Amino acid sequence: MSGFPEFDYRNNELFVESVSLKQIASEFGTPCYVYSRAALTQAYQAFDSAFAKRDHLICYAVKANSNIAILNLFARLGSGFDIVSGGELQRVIKAGGDPGKIVFSGVGKNAEEMRLALNANILCFNVESEAELIVLNQIAKEMSKIASVSLRVNPDVDAKTHPYISTGLKENKFGIPAKEAERIYQSAHLFPHIRFTGLDCHIGSQLTEIEPFLQASSKMLKLLETMQSQGLQIEHLDLGGGLGIRYTNETPPSIKDYVSALCASTQHIKQRLLIEPGRSLVGNSGILLTRIEYLKHTPARNFAIVDAAMNDLMRPALYDAYHDILPVHNNGGEIKSYQVVGPVCETGDFLGHDRKLSLNSGDLLAVMSAGAYGMSMSSNYNTRPRAAEIMVDRDTVHVIRQRETIDELIATEQILPQ
Ligand SMILES: *Cc1c(COP(=O)(O)O)cnc(C)c1O
């Protein structure tokens, strides 16, 4: 048992749905990301069905994994999207997403991105400062448009997650303090090209408890009440993303319990509920498949040097994040403790420390839970072409992104004429 439903062993060989990872590696090479369509669909439907008959919109946070095949799958299931750049907007449109279901988050939207989004008639801008609001109002005016806006409020709650992915504390760069948001909503008349349609927050990522979400929700509800008592017509409440997943022994709430708790805490309001899940939709729907190049035994340690590296999956180097690493073939041999590392010239280039595995050089390994913030954070460091991406749909294998070539990688560079 792997512990990941769509990625499991059959006769000691690891499969994705009905396809063996060994077959994928021999056909498409390594490293590559492999996703399960069934796992993606199940995660989306878990959110959607937990909302039952409540007026809601799930806005998938594109930055978690922005491959257009994945965006298209979610769009077909009815999903909206949370974007953080003009580039992500263009991806969603190319993937067939409905612009009328897009919310645009981020602290540093530039004028060009605002124009793109206004042109596309997106659902809402999640505005993170008064300065941004002034610019958005001006651009909307130039385009003779009205921009729909939620202020992203910083509810000042402790998400109890890794400091780099905690966003809802008053020290963070994100959002607007509730008091200030109140003042800005009251000054709506100063922004004739803005229509305030919502309230928004997002307190962080990889949360493993419901409590901080409920604290944030309760602060947002207070603000909503104030706004309504002052005559503002708020149409939706956006409670952000952030639900954690199980990488190893975390015990995050289930999607159903999380959504049910949000619905219960807001049952007395009639506004539409928005959420912006990223990781919890894609994280456990993908793995990174890699091959062992060399085993290296030093007096201090055993190293498994693999062909995937920190440029392919940055989370271990960036957050000291833990990903399960499973053998694609369970060989039943002698177990040793390995440092699983990549070829990049950095000591931070590791995928896992002290993993108990029985390995031979040439073996394949699956780095689990790599569907979120894996490919989307990958880089070309060490001039390593980015990995291929594969989607498995029952017994069918689709390449959803070709492996990058070195030619593509350097195509836009220029040497000086003299
Ligand atoms: C990153 C982000 C999300 C998604 O967070 P997850 O932890 O992946 O669910 C949602 N909303 C905003 C504004 C974000 O920046």
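Numbers here simply count residues along the sequence, with the first being 1. Note that the coordinates shown come from a computational prediction; the quantities given were computed from them, not determined experimentally. Counting starts at 1 for both ligands and their atoms, in listed order.
Contact annotation for P277 and ligand 1: only backbone heavy atoms (N, CA, C, O) come within less than 4.0 Å of the ligand. The proximity of D82 to ligand 1, defined as any non-hydrogen pair under 4.0 Å, is limited to the side chain.
At least one heavy atom of Y373 sits closer than 4.0 Å to an atom of ligand 1. By the 4.0 Å heavy-atom criterion, G240 is excluded from the residues contacting ligand 1.
The CG atom of N302 sits 5.5 Å away from atom OH of Y338, with the distance rounded to the nearest 0.5 Å. How far SG of C201 is from CZ of F213: 9.5 Å, rounded to the nearest 0.5 Å.
Proximity of L273 to L237: side-chain heavy atoms (C-beta onward) are separated by under 4.5 Å at one or more points.
Close approach of ligand 1 to S205 is summarised as follows: ligand atoms under 4.0 Å from at least one heavy atom of the residue are 6 (P), 7 (O), 8 (O). The atoms of ligand 1 that sit less than 4.0 Å from any heavy atom of S105 are 13 (C).
Side-chain polar atoms of S18 and D395 form no donor-acceptor pair below 3.5 angstrom.
Across every non-hydrogen atom of L40 and F74, the tightest pair is O-CE2, 3.7 Å. When all heavy atoms are compared, the tightest approach of E6 to Q42 is OE2-NE2, 3.1 Å.
Residue K63 holds the heavy atom nearest to atom 2 (C) of ligand 1 of all those in K63, E276, R279. Taking each of H202, R152, Q206 in turn, the one with a heavy atom nearest to atom 3 (C) of ligand 1 proves to be H202.
A salt bridge links E180 with R183: at least one charged nitrogen is closer than 4.0 Å to a carboxylate oxygen.
Geometrically, ligand 1 and A61 share no nitrogen or oxygen pair separated by less than 3.5 Å. Any N or O atom pair closer than 3.5 Å counts here, and G242 shares at least one such pair with ligand 1. Ligand 1 has no nitrogen or oxygen under 3.5 angstrom from a nitrogen or oxygen of S280.
Exactly one of V306, D307, D363 qualifies for a side-chain contact (heavy atoms from CB on, under 4.5 Å) with R291. That residue is D307.
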